[in-house]
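For reference, the structure is listed below as structure tokens.
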Amino acid sequence: MRYQYLRRRANIHPQLSQIKPSHKPEVDMIFRQLLEPASSTYTYLLGCEETGKAVLIDPVISAVERDLAELSRLELTLAYSLDTHIHADHITAGLELKKRTGSRIASPAFDALPCTDVGIEENKAFQVGNLRFEPLHTPGHTDGHFAYLLGDRLFTGDALLIDGCGRTDFQNGSADDLFRSVREKLFSLPDDTLVYPAHDYQDRRVSTIAQEKKRNPRLGDTVSLERFREIMSGLNLPYPKFIDHAVPGNRQCGVCPPNLKENLRHYCEEIEHSPQG
């Protein structure tokens with residue numbers, strides 16, 4: 001088959017009680033992990049070897065040219081952009097990719113965005129070629145947040161990071177909800193499930209459920225809900241500097257505001273360098 005060097009077999013997990021596993025036990029896929037450095041956002045490119053259709057999870061508007069070049073290099077056709085939630089730290093590329101490629105926009109139905117072509121819901125598989133995504137509603141970072149399970153790969157957005165988690169103090173976030181989302185839902189997956197987060201700020205790229213259970217200082221197995229509440233309330237994080245532009249723009253599936261201040265323009269301008277994993 002094409003792209004043997006990029007292919008990995010992914011096992012579907014029948015143990016997860018909240019979803020209905022795919023009838024096909026193995027999936028051949030093309031996979032790329034791409035970093036947007038301004039917001040330290042990972043975008044994930046997933047391609048179906050059989051049909052040549054592709055999905056971009058959490059694409060960033062400043063990296064559109066990079067993503068289009070990668071799709072062209074791999075001879076893939078972008079079928080969907082797929083966001084995990086309404087982001088506060090960057091503008092999604094969903095709308096721009098739709099204009100440039102004719103791709104469709106998929107995002108959580110919970111958010112009821114008029115610009116969305118396909119609303120994602122838990123217990124309803126999202127199928128693109130032979131790629132079968134199992135959506136998992138994981139509120140806490142935002143109330144409409146979703147993670148996506150594809151074989152043995154879990155794309156966790158901001159719900160579960162490597163040795164951490166997303167903040168819970170805006171967009172109807174909730175520490176209690178996030179704790180339950182991770183501990184009761186994500187941590188119910190098999191230990192060898194690969195964890196691919198939406199961000200990392202220390203150049204790490206992947207973890208596993210077993211690793212996060214064991215050593216995540218916020219959400220690991222030894223941390224109680226009461227302790228998690230204390231941790232999250234004590235973070236004292238600054239107000240997100242791009243949130244007032246990002247959230248309205250992302251509610252339109254990716255519209256950059258006009259007349260951005262000089263120190264914010266890099267969020268919407270094309271990136272010059274993007275490390276790839």
Side-chain angles (χ1 to χ4, degrees), residues 12-13 15-21 41-42 44 57-58 82-89 106-113 119-126 133-200 206-235 237 240 247 250:
I12 299 297
H13 299 306
Q15 299 96 325
L16 182 60
S17 60
Q18 294 93 337
I19 62 174
K20 296 179 180 179
T41 297
Y42 281 128
Y44 297 96
I57 297 177
D58 288 341
L82 175 62
D83 276 294
T84 53
H85 63 292
I86 296 174
H87 304 278
D89 56 3
S107 67
F110 183 96
D111 294 319
L113 302 181
I120 300 297
E121 300 178 64
E122 191 170 76
N123 295 321
K124 291 185 179 180
F126 177 60
F133 297 86
E134 307 289 356
L136 301 170
H137 186 206
T138 49
H141 175 61
T142 69
D143 53 356
H145 192 286
F146 268 70
Y148 303 111
L149 179 66
L150 177 63
D152 64 354
R153 300 169 192 245
L154 178 65
F155 302 95
T156 56
D158 286 30
L160 178 62
L161 305 180
I162 298 173
D163 292 343
C165 64
R167 61 195 294 176
T168 58
D169 57 338
F170 57 77
Q171 291 182 269
N172 298 317
S174 163
D176 285 33
D177 287 348
L178 184 56
F179 187 87
R180 285 190 291 268
S181 291
V182 173
R183 294 286 291 272
E184 298 176 10
K185 190 169 290 186
L186 300 187
F187 281 5
S188 72
L189 290 161
D191 282 350
D192 61 353
T193 303
L194 299 172
V195 172
Y196 286 99
H199 303 281
D200 192 80
V206 64
S207 181
T208 64
I209 289 296
Q211 178 173 300
E212 295 311 311
K213 285 180 178 179
K214 182 177 180 179
R215 76 179 202 189
N216 191 303
R218 296 183 185 177
L219 286 160
D221 281 344
T222 63
V223 180
S224 67
L225 174 57
E226 291 72 23
R227 177 56 183 150
F228 183 64
R229 290 171 180 156
E230 292 174 358
I231 292 170
M232 299 309 289
S233 63
L235 291 178
L237 296 171
V247 170
N250 287 328

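Contact of the E134 side chain with the Y148 side chain is not registered, since no non-hydrogen atoms from C-beta on lie closer than 4.5 Å. Between T84 and I57 there is a side-chain heavy-atom pair separated by less than 4.5 Å. A 4.5 Å side-chain heavy-atom check between L194 and L154 finds every atom pair outside the cut-off. D221 is listed as a side-chain neighbour of F187, based on a closest heavy-atom distance under 4.5 Å. When side chains are defined from C-beta on, T138 does not count as touching V182, because their heavy atoms never get closer than 4.5 Å. You'll find the side chain of N216 reaches within 4.5 Å of the side chain of L160, heavy atoms only. Residues Y42 and H199 form no side-chain contact, since every pair of their non-hydrogen atoms from C-beta on lies 4.5 Å or further apart.
Nearest heavy-atom pair, G144 versus F110, reported as atom, atom and distance to 0.1 Å: CA-CD2, 3.4 Å. Minimum interatomic distance between P135 and F126 (heavy atoms only, all atoms of both residues): CD-N, 4.4 Å. Closest of all the heavy-atom pairs between C165 and L219 is CB-CD1, 3.6 Å. Shortest non-hydrogen contact noted between R183 and V223 is NH1-O, 2.6 Å.
Under the 3.5 Å distance criterion, the side-chain polar atoms of H141 are matched with a main-chain donor or acceptor of R167. Looking at S181, its side chain does come within 3.5 Å of a backbone N or O of P139 through a donor-acceptor pair. Looking at H145, its side chain never comes within 3.5 Å of a backbone N or O of G140 through a donor-acceptor pair. Judged by distance alone, with hydrogens and angles left aside, the side-chain atoms of R229 form no donor-acceptor pair with the main-chain N or O of A175 at under 3.5 Å. Using modelled atom types, no side-chain atom of R227 and backbone atom of R218 make a donor-acceptor pair closer than 3.5 Å. E212 places no side-chain N or O within donor-acceptor distance of the main-chain N or O of G220, the cut-off being under 3.5 Å.
Each of K214, K213, R215 was scored for a salt bridge (Lys or Arg N to Asp or Glu O under 4.0 Å) with D163, with one residue passing: R215.
A distance of 8.0 Å separates CD1 in I162 from OG1 in T156, rounded to the nearest 0.5 Å. Here the straight-line distance linking atom CG of D89 with atom CG of N250 works out to 9.0 Å at 0.5 Å rounding. With rounding to the nearest 0.5 Å, the separation of CG in D143 from CD in Q171 is 8.0 Å.
Side-chain atoms of D111 and H85 include no donor-acceptor pair closer than 3.5 Å. Looking at D152 and T193, their side chains never bring a donor and an acceptor atom within 3.5 Å of each other.
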>> For a side chain to side chain donor-acceptor pair (under 3.5 Å) check, start with the C-alpha distance between S107 and D83, then their side-chain angles and the critical distance, and finish with the verdict.
In response: CA-CA 5 Å; S107 67; D83 276 294; over 6 Å; no
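You'll find the ring centres of Y196 and Y44 inside the 6.0 Å limit.
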